[in-house]
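Structure first, commentary second.
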Amino acid sequence: MAVIHCVGSSGRGVYLGRRAMVDDIDWKSRIGNYTYDQALADLGHPNVIGESSEGRIAEWVLERSPAVSFGIGLGTGTIGGHSSTGVGVGTTVSPPPSGEYLRLRFDREDKLAEWTRVKY
């Protein structure tokens, strides 16, 4: 059974710095010898982590998509000889995980087995 934990996120500046660092790394050459502890030292704690009998999968935010939207509505109505007009304003906040993530899969010995970038 897999266990997944979500961890709170930091400021946008952290994501931009992390993305620039990730772009410069040859992840393919790290498969089999890069450890989870090294990833923690390089990238900080992951935003999402899952564990199973095969090892663990960790994801770090590279770029977060905007999570807030704003809308305005205008409506009119007529009943009998009466009419009215209304205006509505609202905001919504979407939950994570929209954005781009670095996903690293580590084997049972905590060595990098696979890497990919994912967009939600």
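FYI, the numbering just counts along the sequence from 1.
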Item to check | CZ-CD1 distance between R105 and I31, expressed to the nearest 0.5 angstrom | outcome: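 Atom-to-atom, R105:CZ and I31:CD1 are 9.0 Å apart.
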
Checklist entry - Atom CH2 of W60 and atom NE2 of H45: how far apart are they, to the nearest 0.5 Å? => result 10.5 Å

pair [X]-[Y]: side-chain heavy atoms closer than 4.5 Å:
{"X": "R30", "Y": "I25", "value": "yes"}
{"X": "Y34", "Y": "D42", "value": "yes"}
{"X": "E100", "Y": "R117", "value": "yes"}
{"X": "V118", "Y": "E59", "value": "yes"}
{"X": "T116", "Y": "W27", "value": "no"}

Checklist entry - So does R108 pair up with E54, basic N to acidic O under 4.0 Å? => result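 Between E54 and R108 there is no salt bridge, as every charged N stays at least 4.0 Å from the carboxylate O atoms.
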
Checklist entry - When you measure from the centre of the six-membered ring of Y36, is the NZ or CZ of R56 under 6.0 Å away and within 45° of the axis? => result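 Yes, cation above the ring, under 6.0 Å and within 45°.
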
Checklist entry - Among V48, L43, N47, whose side-chain contact (heavy atoms from CB on, under 4.5 Å) with V61 holds? => result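 Only one of V48, L43, N47 forms a side-chain contact (heavy atoms from CB on, under 4.5 Å) with V61, namely N47.
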
Next on the checklist: Using 30° and 60° as the class boundaries, would you call the ring planes of Y120 and Y101 parallel, tilted or perpendicular?
Outcome noted: perpendicular

Item to check | Joint cluster assignment, L112 & I57, ILVMFWY side-chain distance < 4.5 Å | outcome: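 No, no single cluster joins them.
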
Checklist entry - Got a sec, which residues hit side-chain contact (heavy atoms from CB on, under 4.5 Å) with D37, two or more places apart in sequence or on another chain? => result T35, L40

